[in-house]
Structure formats: C-alpha cells, structure tokens
Undergrad: 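Provided herewith is a single structure, encoded as structure tokens, for subsequent inquiry.
In each ligand, atom 1 is the first atom listed, and ligand 1 is the first ligand listed. Quick caveat: nothing in here was measured; it's all calculated off a predicted structure.
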Amino acid sequence: MSELKQTRPKGTQDFVPPDSERRRQAEATFRHLAETYGYREIITPTFEHTAVFVKSSGETSDIVTKEMYSFKDRAERDLTLRPEGTPGVVRAVLENQARMPCRLYYVGPYFRYSRPQKGRYREFGQVGVEALGEASPLTDAEVIFLGDAFFRSLGIHDCTTQVNSIGCRECRPGHRDALRNYLLERKEQLCGDCRLRIDRNPLRVFDCKVEACRQAVEGAPTPRQHLCEACKRHFEQVLADLTQRSLPYEVNDRLVRGLDYYNRTTFEYISASLGAQDSLGGGGRYDYLVEEFGGPDTPAIGFALGLDRALLAAPPAAGPARRHLAFVVWLTESELGETEKLAAKLRADGIPAQVDYDARRVKAQFKSADAAQAACCIIIGPDELAKGVYSLKDLVSGEQHEVPFDAITAAVRKRFRD
Ligand code: AMP
C-alpha cells in the first residue's frame, strides 16, 4: 500500500462553496435551457466498454490513441472512463430502443489523460445535447444557436461561433485523395504523427498543433472545396438560418474537429479570454454513427460544451455576501426544544434554517452563524418565550427587533428580499 497522499490527483479539481454552487447553478441554467428546446436528460455510466469509444471516436483520434483512462476490471474486461459523451449516448439509445426522433441532453464528469493547464483538466465537466433522427439543416442551426445561448446566459459575451462542413460519404473520398496527394508532396515538412496520418486519416493533419504542420496545410485542399451538391445546399441553409437568427459566425475551413464520426456541419465556440485552451465547446453532425453501432440509418447532430472553461470565461458571480439562511440561536438549554421546532417550521415554509447544537454560549453561536454566512439570526430566550416573540437580528446591518411567533416566516422572507 502506498502512503496516503494529502493532495488531489494531478489534473483534478476540488469545488468548495461557493464555487460548487456556481457550478451547479451553471448546470441548472443549461438543464433549463435545453428543456425549453424539448431535450430530456439522459444519464449513462461514467465508464463503458473501451470498444464503444474506439469504434466511434476513431482509432487514430488523439482521444483514443493518447488520452483515455482505460483499465481492466477484475474479470479482465476492457473498460474506459468516458472521455466524451456522444458514444455512450448512442450506445444507450440503441440498447434502450429509444423512440425516434429523440432529443437528449447530458451533464456530467468526463476524463482525459492530457497535460493539465489552465482550462485543461484530467477530470472535467461537460454539458451536451444530441438530436437523434433529425436531418434538417434547420436543426443544425438551432443546435448551434442553443450552445451560443448557453454561453450568453452565463454572461459570456466574447464567444465567437465557427462553422464548417466536412462533407458526406459521397464527397469525402474525393477530398481525402486530394489532401493525401497534397500532403505526400510535403511529407518532409510534417511531424512523425502527421506522416502516419497521411495514409490512415489525412483530415487529422488539420488538427495538428505543430507549427511546421500548420504551415504545411496552409494551402491544402479544404473539405468545402470538395462538397457535393447536397452538402453544399445543406451548409448554405445552415448559414442562412444562422443569419436569420442573427447569430454571427465565421466559416473556418480548418475546423474538422478531432473525432472521426462527424460529417457535414462542424462547429466550435471560441473565447478570446481563455488563452491557449480557447475552445469553449463544439459539435457537429454524425449521421453515420448510429448505423455504425448496428442501429438503423439515423441522422443526428449534437454538441459538448466545457463547463470548466465556461466558468473561467464567465464573469465572477456577484452573489449576495450572505446566504438565504436563518440561524436559530438559543440562550439556555431549556429553549432547545423550541429552537428545534422553529427550525423545522422554517424549513417546512421553505426557509433554510440551521442550529448550532454544540455551542453553549450565545457568542459562539453567532460566530457559527457568521461562518455559515447566514443572513440573519433568530434568538430564542426565556424573555422572548414569555412574551410570545422571537428576536430577529439582521447580520448585515446588525439591527435587531422583536417579531411575534406567527409573523416570523414573513419577517425572514422580507429580510432575504431586502
Ligand atoms: P471536444 O469535444 O474535445 O472539443 O470537447 C468539447 C469541450 O469540452 C471543449 O471545447 C472544452 O471546453 C471541454 N474540454 C475538452 N477537454 C477538456 C479538458 N481536458 N479539460 C477541460 N475541458 C475540456
């Protein structure tokens, strides 16, 4: 047994209040937004059979070749902590025979073994949607619009939307051949990984971060130059609908996305304030994936948005310095029974209430109330009980006044509003 480590594993994060609450709030914003577009939540396991990811993300993708947390369980099964959402969703939809068309959203932790830095972690949060069984370019535009709406509702205003089309089964082979020939002529300039990609999956060269490779693909044939008529029309309709929705976008010919399952529309949200890890999220169409999993021909499109980067790009929450929490303070042990009763009544009325049962002295109870950042204290002593009142102390202004028993809920609510 190795010695107990006092620090969290590299690339992971702790979220202590109020950061945990800010994160939950962002998730709630996403859930609400997705539901207003008809999406319903799907919850899938945090780990899947490794083949689920290898098959869908592609054997040559960075995720599969370098970044998966794969392990064998005690029965020698090959399992992987999910590095992304779509493959598990598609597997679950087929396994559970979901009715089509079907709009699903998800929220949860994802895992990739990559070099940690600002905005890049080994465990990170993603929220996403998948619209399965929808082929219209108007769905593409609506999905792109929804992702942008999420960032805007978090107060992120420097987000730009990039879009591209990488074609379909008809037109991709033509582009692949042209790109392969172009890259073969420049093989000497490419990094070792990209040389292998020429044969295996030349499109991946567009993703390479190595400067020489970036330069080499400057004048490379782009997928858009090779689109068939149907793909061209689809893309034009996506762009027209984005314009109709007043969503500004940039067409980026290099945007091929790092996963093999995409076709036609690809898109990404970029934030200028994030530095090197500037992608807030992205997605695309994956019209062949369901079929590749053994299901029926099912067009589909989705996105995954990074929660960590969204929260880095969003303005810090200017929440109230005090929480909506009433701290009930007792003077002597004879009031403990009444204290518990009052706390129960407040909770039943929907007001969060807390009691410090340990502190024997009032001063210590006030300290606890302060540590909990309660907005007010309700004091119960023998005098109060004799008079039929509580003393309500505002912990921001320090003001204190008496409130009749039956008016306490209203008085605390008013305090929270002020
Ligand atoms: P991808 O499908 O790889 O483009 O991921 C979608 C989004 O998830 C990215 O735009 C990031 O916001 C987020 N993301 C991906 N990998 C990480 C990571 N290692 N750490 C934090 N966020 C990530």
Undergrad: Heavy-atom distances under 4.0 Å are what count here, so tell me which part of Leu280 touches ligand 1: side chain, backbone, both or neither.
TA: backbone

Undergrad: Is the shortest side-chain heavy-atom distance between Phe111 and Thr46 below 4.5 Å?
TA: yes

Undergrad: Among all the protein's non-hydrogen atoms, which is closest to atom 16 (N) of ligand 1, and how far away is it?
TA: Arg112 NH1, 3.3 Å

Undergrad: Below 4.0 Å, non-hydrogen atoms only: which portion of Arg120 touches ligand 1? Side chain, backbone, both or neither.
TA: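 The part of Arg120 near ligand 1 is both the backbone and the side chain.
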
Undergrad: Within ligand 1, which atoms have a heavy atom of Ala304 less than 4.0 Å away?
TA: 6 (C), 7 (C)

Undergrad: Is there a salt bridge (charged side-chain N to carboxylate O under 4.0 Å, His left out) between Arg82 and Glu48? Walk through the geometry before answering.
TA: CA-CA 7 Å; Arg82 59 185 187 190; Glu48 297 271 354; over 6 Å; no

Undergrad: Identify the two heavy atoms, one from Tyr106 and one from Glu130, that lie closest to each other, and give their separation to 0.1 Å.
TA: CE2-OE2, 3.4 Å

Undergrad: What protein heavy atom sits nearest atom 21 (C) of ligand 1, and how far off is it?
TA: Gly119 O, 3.2 Å

Undergrad: Is it true that Glu84 lies under 4.0 Å from ligand 1, counting heavy atoms only?
TA: no

Undergrad: Going by heavy atoms in the side chains, are Arg176 and Leu203 under 4.5 Å from each other?
TA: no

Undergrad: Do Gln13 and Asp308 meet the criterion of a side-chain donor-acceptor pair at a distance under 3.5 Å?
TA: yes

Undergrad: To the nearest 0.5 Å, tell me how far Cys171 SG sits from Arg264 CZ.
TA: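 Rounded to the nearest 0.5 Å, the SG-CZ separation comes to 7.5 Å.
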
Undergrad: If you take the nearest heavy atom of each of Tyr121, Tyr110, Phe303, which one is closest to atom 19 (N) of ligand 1?
TA: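 Residue with the shortest heavy-atom distance to the ligand atom: Tyr121.
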
Undergrad: For ligand 1, indicate whether the residue Ser114 contacts it via side chain, backbone, both or neither (heavy-atom separation under 4.0 Å).
TA: side chain

Undergrad: Output yes when Arg120 and Glu67 qualify as a salt bridge under the 4.0 Å nitrogen-oxygen rule, no when they do not.
TA: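 Between Glu67 and Arg120 there is no salt bridge, as every charged N stays at least 4.0 Å from the carboxylate O atoms.
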
Undergrad: For atom 11 (C) of ligand 1, what's the nearest protein heavy atom and its distance?
TA: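 The closest heavy atom on the protein side is Arg309 NH1, 3.4 Å.
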
Undergrad: Among all protein non-hydrogen atoms, which one is nearest to atom 1 (P) of ligand 1, and what is the separation to 0.1 Å?
TA: Arg257 NH2, 3.7 Å

Undergrad: Is there a polar contact, in the sense of an N or O pair closer than 3.5 Å, between Ser279 and ligand 1?
TA: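 The answer is yes, given that Ser279 and ligand 1 share an N or O pair closer than 3.5 Å.
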
Undergrad: Judged by non-hydrogen atoms, does Gln277 sit under 4.0 Å from ligand 1?
TA: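 It does not; every heavy atom stays at 4.0 Å or beyond.
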
Undergrad: Hey, are the side chains of Ile380 and Tyr390 touching, using non-hydrogen atoms and a 4.5 Å cut-off?
TA: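 Ile380 vs Tyr390: side chains touch.
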
Undergrad: As a check for students: among Gln13, Gln126, Glu268, Gln117, identify the option with a heavy atom nearest to atom 6 (C) of ligand 1.
TA: Gln126

Undergrad: In this structure, which one of Arg112, Arg204, Lys209, Arg197 forms a salt bridge (Lys or Arg N to Asp or Glu O under 4.0 Å) with Asp62?
TA: Arg197

Undergrad: At a 4.0 Å threshold, what atoms of ligand 1 neighbour a non-hydrogen atom of Gly306?
TA: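 Ligand 1 atoms under the 4.0 Å threshold to Gly306: 7 (C), 8 (O), 12 (O), 13 (C).
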
Undergrad: Is there a side-chain contact between Ile198 and Leu190 in this structure, where contact means two heavy atoms from C-beta onward sitting under 4.5 Å apart?
TA: yes

Undergrad: Which residue and atom name correspond to the protein heavy atom nearest atom 23 (C) of ligand 1, and how close is it?
TA: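 Of every protein heavy atom, Phe124 CD1, 3.4 Å lies nearest to atom 23 (C) of ligand 1.
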
